Amino acid sequence: MAEGFQAPRGTLDWLPQRSAARRAMIERFRQIFEGAGYGEAMTPIFEDKALFARTAGESSEVVGKEMYLFEDQGGREMALRPEFTASIVRLYLENGLSRDPQPVRLWSAGNCYRFAAVQRGRYREFTQVNAEAIGSDDPAIDAELIALQLRWFESLGLDGLEVRLNTIGDRADREPYLDQLRAYIDAHSSEVDDEVRRQRDLNPLRAFDTKDPASAAIMADAPKITDAVSDEAAAHFAAVRSFLDARGVNYTLDPTLVRGLDYYSRTTWEISWPALGAQSGIGGGGRYDGLAELIGGAPTPGVGFACGIERVLLALEDQDRSPAPERQMDVFFAIFCDAARPRLHALMDQARARGVAAEADLAGRAVKGQMKQADRIGAALTVVCGDDEWARSVCVVRSMASGEQTEVSLDELVEHLHNAKMGTA
RNA sequence: GUGGGCGUAGCUCAGCUGGUGGUAGCUCCGGGUUGUGGUCUCGGCGGUCGUGGGUUCGAGUCCCACCGCUCACCCCA
């Protein structure tokens with residue numbers, strides 16, 4: 001290890017067991033969203049830096065200091081994607097999807113990259129599953145996305161989720177409100193801490209996030225954006241809530257909930273699993289009706305969310321649950337005769353070609369060790385072939401559950417294994 | 001980027017105020033069962049004590065730096 005390499009800080013190695021869990025989670029996500037009419041979209045892992053800079057906002061941490069940037073050999077400024085939404089909207093515009101029936105609904109899964117301080121649940125390379133609906137401002141979509149997202153969590157066996165919901169109005173509502181909020185902070189300037197004063201200039205909405213109790217008390221009485229939104233946005237939010245209420249979705253209203261990316265408008269939400277501690281946010285999203293214009297497209301409404309696979313998996317592991325299916329093998333080949341190995345390996349391959357999951361000893365194990373291996377991998381059957389059987393061109397097929405053994409001619413072995421598999425399946 | 005805790009076999013960990021690394025548990029491999037698993041039992045493999053310096057006659061144990069993990073700030077998935 002001293003002279004060796006370690007995975008880069010903030011990255012994870014995925015061994016088979018967790019890889020299976022991860023894949024099962026994504027597969028579940030796929031089933032749920034494709035069952036609701038969402039199609040899979042994949043975008044490049046890197047994009048023009050400006051795509052993210054313009055959409056997420058220069059004042060956001062993500063753009064300000066967390067992007068992985070590089071200049072390619074052609075001198076282009078590129079960034080590894082810190083999130084999906086900007087890429088998906090870019091995809092929508094670039095591929096003319098505004099000509100498709102609206103809204104265009106897409107889901108994605110893949111790695112994102114942010115150069116942030118590493119801790120449990122926060123990694124520099126991490127995986128998000130993502131869903132976006134672009135081209136309609138129907139409040140039913142906001143509610144549908146939240147409901148589907150919750151269905152995913154529940155299908156994985158995660159209990160005790162908290163859903164927080166808010167509306168931050170339209171961009172046009174924002175400036176007058178921000179002036180109001182800045183004025184309030186200025187009026188209480190001497191009573192709040194540096195953090196609030198810093199946010200006042202940077203992103204006043206975030207001033208509500210202060211941890212300082214005195215400042216928090218002051219901010220508790222500050223004007224809330226929820227009260228400052230237009231009648232139209234308020235009506236939209238009321239409609240979102242009615243769609244959620246009709247489904248029986250539990251949520252709490254949090255008028256200080258502001259998502260960290262500047263492009264959000266109207267509905268915002270966050271789902272957390274509190275036991276995870278500081279990185280308890282396992283999913284979040286919102287509406288971004290102004291985003292398409294920011295990157296040169298026609299005004300196009302949109303709404304979407306993302307969930308962090310690693311965090312959800314940590315939560316599941318904390319509950320001693322794994323979404324990974326049991327590993328199973330149909331047949332193990334236990335061969336105690338060197339001369340027999342080539343022929344039996346060939347037969348094993350033929351069985352595999354017919355859909356039988358099979359493996360053989362590859363470690364030179366003794367008899368006992370090979371049987372133990374068969375047991376360990378959960379093989380339903382073990383093909384046993386030693387000198388005696390090989391001399392007679394047969395083998396013994398043992399049922400690992402019952403211990404029952406039958407002798408089978410090597411010529412009929414593949415057919416026998418195939419039938420056994422079909423019979424039990 | 002800033003603080004606190006931690007870093008001994010593949011994994012989980014003992015190791016008292018510095019005096020030669022633990023028959024430790026689990027895993028893995030083998031024997032007990034001349035060719036048959038899950039239990040039991042015996043044995044074996046496996047460590048430059050995170051890395052590099054320093055103090056000391058002597059450092060896993062003390063000091064410093066770095067790397068990594070972890071908790072929190074922050075940020076967000």
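Since the model is a prediction, treat every value here as computed from it, not as a measurement. So you know, we letter chains A, B, ... as the sequences are listed, proteins then strands, and number each from 1.
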If you check every side-chain atom of A:Gln279, which of B:G32, B:G1, B:C75 has the closest atom?
-> B:C75
For RNA chain B, what dot-bracket results from Watson-Crick or G-U pairs at under 3.5 Å, with [ ] for crossers and | for inter-strand partners?
-> (((((((..((((.....[..).))).(((((.......))))).....(((((..]....))))))))))))....
Protein-nucleotide distance (A:Leu15, atom CG; B:G10, atom P), rounded to Å = 15 Å
Of the nucleotides B:C73, B:G37, B:A77, which one has an atom closest to the side chain of A:Ala278?
-> B:C73
Provide, to the nearest angstrom, the distance between the CG atom belonging to A:Asp13 and the P atom belonging to B:C69.
-> 11 Å
B:G30 base to A:Lys372 side chain: any donor-acceptor pair below 3.5 Å?
-> no
Kindly confirm whether the side-chain ring of A:Phe336 is stacked on the base of B:G35, judged by centres under 5.5 Å and planes under 30°.
-> no
How is A:Ala116 classified with respect to the nucleic acid when contacts are heavy atoms under 4.0 Å: base, sugar-phosphate, or nothing?
-> nothing
If you look at every strand shown and take non-hydrogen atoms under 4.0 Å, does A:Arg206 touch a base, only sugar-phosphate, or nothing?
-> sugar-phosphate
Considering only heavy side-chain atoms of A:Val367, the closest of B:G37, B:U70, B:G35 is B:G35
Under the 3.5 Å rule, do the base of B:G37 and the side chain of A:Arg398 count as making a donor-acceptor pair?
-> yes
Check every strand shown and say whether A:Asp388 touches a base, only sugar-phosphate, or nothing at a heavy-atom separation below 4.0 Å.
-> base
Check if the side chain of A:Gln370 and the base of B:U36 share a donor-acceptor pair of N or O atoms closer than 3.5 Å.
-> no
Would one find a side-chain N or O of A:Arg376 under 4.0 angstrom from OP1 or OP2 of B:U27?
-> no
Candidates B:C75, B:C69, B:G30 - which lies nearest the side chain of A:Glu195 | B:C75
When we call it a touch if two heavy atoms are under 4.0 Å apart, what does A:Phe305 touch: a base, just sugar-phosphate, or nothing?
-> nothing
Sugar-phosphate, base or nothing in reach of A:Arg311, heavy atoms under 4.0 Å | base
Checking only heavy atoms, does the side chain of A:Arg122 share a donor-acceptor pair with the base of B:C74 at less than 3.5 Å?
-> yes
When all nucleic acid strands are considered with a 4.0 Å heavy-atom cut-off, which category describes A:Gly10: base, sugar-phosphate, or nothing?
-> sugar-phosphate
Can you check whether any acceptor in the base of B:C75 is under 3.5 Å from a donor in the side chain of A:Arg114, or vice versa?
-> no
With sugar-phosphate meaning primed atoms plus P, OP1 and OP2, does A:Val384 contact a base, only sugar-phosphate, or nothing at under 4.0 Å between heavy atoms?
-> base
Could you walk me through whether A:Tyr113 and A:Phe126 pass the ring-ring contact (aromatic ring centres under 6.0 Å, His included) test, one step at a time?
-> CA-CA 6 Å; A:Tyr113 300 83; A:Phe126 59 101; 7.7 Å; no
Give a yes or no on whether a donor-acceptor pair under 3.5 Å exists between the nucleobase atoms of B:G1, that is its base, and the side chain of A:Glu66.
-> no
Please check if any side-chain donor atom of A:Tyr251 sits under 3.5 Å from a side-chain acceptor atom of A:Asp245, or the reverse.
-> yes
Starting at CZ of A:Phe84 and ending at P of B:C76, how long is that distance when rounded to a whole Å?
-> 18 Å
Within less than 4.0 Å of OP1 or OP2 of B:A77, is there a side-chain N or O belonging to A:Gln119?
-> no
